[in-house]
2 protein chains.
Amino acid sequence: MAEPQDRAVRRRAGRPPRALLGTDKITRAALKLVELEGYRGLTMAALARRLNVAPSALYNHVRSKQDVLLLVEEDLMGRVEVSGFATDPWPDAVRAWAWSYRNVFARHAPLIPVIAVLPVTDAPRTLMMYEAVTTGFARAGWPEDQIVDAIVALESFIFGSALDVGAPADIFDTGTLAAQTPSFTAAVRRRAAAAQDNGAPGAAESDRAFALGLEALLAGLSAGLAPGSAGAPG
Amino acid sequence: MAEPQDRAVRRRAGRPPRALLGTDKITRAALKLVELEGYRGLTMAALARRLNVAPSALYNHVRSKQDVLLLVEEDLMGRVEVSGFATDPWPDAVRAWAWSYRNVFARHAPLIPVIAVLPVTDAPRTLMMYEAVTTGFARAGWPEDQIVDAIVALESFIFGSALDVGAPADIFDTGTLAAQTPSFTAAVRRRAAAAQDNGAPGAAESDRAFALGLEALLAGLSAGLAPGSAGAPG
DNA sequence: CCACTAAATGAATGGCATTCATTTTTATTA
DNA sequence: TAATAAAAATGAATGCCATTCATTTAGTGG
């Protein structure tokens with residue numbers, strides 16, 4: 001009850017006795033703001049308002065809005081499931097990791113172009129995720145010089161799939177051009193019908209595509225390992 | 001020589017005798033601007049300057065900046081290679097399509113979050129691409145109700161991989177946290193060494209990851225089609 | 001005790017997409 | 001053909017947004 005003290009009372013200028021901000025508080029406020037208003041609502045002004053502080057005060061703790069996004073990203077990376085890599089068979093561990101990774105970032109699609117290109121240096125949680133995944137791959141017998149490529153390939157699929165989750169249900173509506181695209185229009189109808197037969201509602205379509213692609217990747221990657229190379233994963 | 005007529009001469013207000021703009025001219029100017037200055041440089045003001053016109057004039061031809069991005073996207077979709085689907089074996093056609101798709105959008109990464117979520121309705125070139133791909137899948141014997149899911153899965157991988165192309169060479173530099181991430185750090189070093197042995201310079205790392213993932217997807221999807229199994233794994 | 005640094009305020013600044021009133025020209029229609 | 005509507009331009013706002021700067025106040029290290 002005493003938390004949002006006096007919103008109306010203006011604080012006078014000058015350093016306060018106890019610091020009002022900190023990267024942790026900024027991170028939590030940013031996450032809450034995104035949850036409530038989406039990334040469009042994540043502005044420095046809105047963030048400051050939420051923290052009951054002037055916008056310029058934020059710049060004592062972050063260098064830019066980009067910095068705020070990085071704080072959020074690091075927090076999210078800590079929510080990705082990697083525990084399976086220590087214990088489970090390789091395909092199960094990858095499956096659990098991939099689904100949780102996709103689901104975490106499906107709700108944070110605007111971060112994806114940022115993450116995909118962001119150096120991991122000084123991003124501890126992100127690095128810990130990669131460390132766990134790498135040990136799991138090594139444990140399964142992957143040759144060391146291919147592990148990072150395999151992770152990057154899986155990650156690319158995951159990022160693209162996370163974006164796909166945000167697509168509207170009618171994204172493939174061919175509209176007035178249906179007559180000129182008969183094969184595609186038919187395939188889209190069949191897919192929708194199949195999804196409904198399954199009793200699954202709208203959003204499940206991206207789930208089906210993700211499952212299909214992930215299983216194909218798992219099978220294909222396993223097969224690539226199998227022949228004469230360092231042994232099949234498991 | 002006569003192209004940029006009189007930059008300094010102010011046109012007086014009012015409709016000009018011949019229209020100065022049009023969606024085609026706007027599209028070309030936007031593409032040129034992006035080529036020269038990147039997406040940061042693609043502002044309505046810069047676009048107008050390039051077309052020797054007032055910014056507000058653009059709004060007689062597009063509803064918003066988002067519209068400009070859609071014009072660019074449609075143009076780019078026309079550059080994706082789909083001719084193989086009419087003639088080549090399925091894996092070859094998919095390979096050619098996937099590589100060209102990725103390469104086209106690697107240079108237009110900021111468009112990817114837009115495309116991934118954009119309805120295809122009234123986007124003729126985009127639809128024609130999907131039509132060609134779909135016919136190729138059908139020709140290869142894919143069950144109609146799985147074609148769209150397979151395309152979406154491949155596309156997700158392609159979009160994610162296109163983002164990856166823009167990553168800096170040192171994206172996986174573990175910096176001061178190397179000691180806490182020994183497996184990952186070692187794998188990154190091995191990868192870099194392998195890339196150098198190949199004589200391939202920097203950007204080739206994302207190519208290797210893309211090739212690995214694409215071949216795995218192709219193999220996995222083909223296997224899922226095999227006689228006995230009724231399609232994708234559940 | 002004093003200088004320095006940290007952390008806040010509040011008032012700019014400049015860039016951006018977009019809107020609106022106005023003007024001029026072309027196209028339509030009665 | 002005359003009147004009117006619609007199209008396409010200008011130029012001046014508008015409002016939002018990230019960021020910077022001068023200023024104020026409060027702890028901190030020598």
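Quick note on labels: first sequence line is chain A, next is B, and so on, each numbered from 1. Small disclaimer: the values here were computed from a predicted structure and weren't measured.
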Residue among B/T126, B/V104, B/L71 satisfying side-chain contact (heavy atoms from CB on, under 4.5 Å) with B/L76: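 Result: among B/T126, B/V104, B/L71, B/V104 is the only option passing the side-chain contact (heavy atoms from CB on, under 4.5 Å) with B/L76.
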Which residue lies more 5' along DNA chain C, comparing B/R15 with B/R40 via nearest heavy atoms: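 Taking each residue's closest nucleotide, the earlier one in sequence belongs to B/R40.
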Along DNA chain C, first and last positions that approach a heavy atom of chain B under 4.0 Å: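 Extent of the interface on DNA chain C: C/dC16 to C/dT26.
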Carboxylate-amine/guanidinium proximity below 4.0 Å for B/D207 and B/R102: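 So B/D207 pairs with B/R102 through a salt bridge.
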Sidechain N-carboxylate O distance under 4.0 Å for A/D149, B/R208: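 Salt bridge present between A/D149 and B/R208.
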Classify the ring geometry of [X] against [Y]: parallel below 30°, tilted from 30° to 60°, perpendicular beyond 60°.
{"X": "B/W97", "Y": "B/F85", "answer": "perpendicular"}
{"X": "A/F157", "Y": "A/F210", "answer": "parallel"}
{"X": "B/F184", "Y": "B/F172", "answer": "perpendicular"}

Nucleotide D/dC17, atom C1' - distance to OH of A/Y39 in whole Å: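 In whole Å, D/dC17 C1' and A/Y39 OH are 18 Å from each other.
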Nearest-angstrom distance from the residue atom CZ of B/R18 to P of D/dA8: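 In whole Å, D/dA8 P lies 14 Å from B/R18 CZ.
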Side chain to side chain, B/L70 and B/K65, heavy atoms closer than 4.5 Å: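 The answer is no; the side chains never approach within 4.5 Å.
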Donor-acceptor under 3.5 Å ([X] side chain, [Y] main chain):
{"X": "A/T174", "Y": "A/L177", "value": "no"}
{"X": "A/R190", "Y": "B/Q146", "value": "no"}
{"X": "A/S100", "Y": "A/E81", "value": "yes"}

Contact residues, residues 19-27 of chain B to DNA chain D [heavy atom, < 4.0 Å]: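 The answer is B/A19, B/L20, B/L21.
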Side-chain N or O of A/R49 closer than 4.0 Å to phosphate OP1/OP2 of D/dC17: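 Checking D/dC17 against A/R49, no side-chain N or O comes under 4.0 Å of OP1 or OP2.
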Residue-level proximity of residues 56-71 of chain A to DNA chain C when a heavy atom falls under 4.0 Å: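 Of all residues in residues 56-71 of chain A, the ones placing a heavy atom under 4.0 Å from DNA chain C are A/S56, A/A57, A/N60, A/H61.
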Separation between CG of A/L21 and CG of A/N60, rounded to the nearest 0.5 Å: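 The distance works out to 8.0 Å.
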Given DNA chain D, 5'-ward residue of the pair A/P16 and B/P55, judged by closest heavy atom: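 Result: B/P55.
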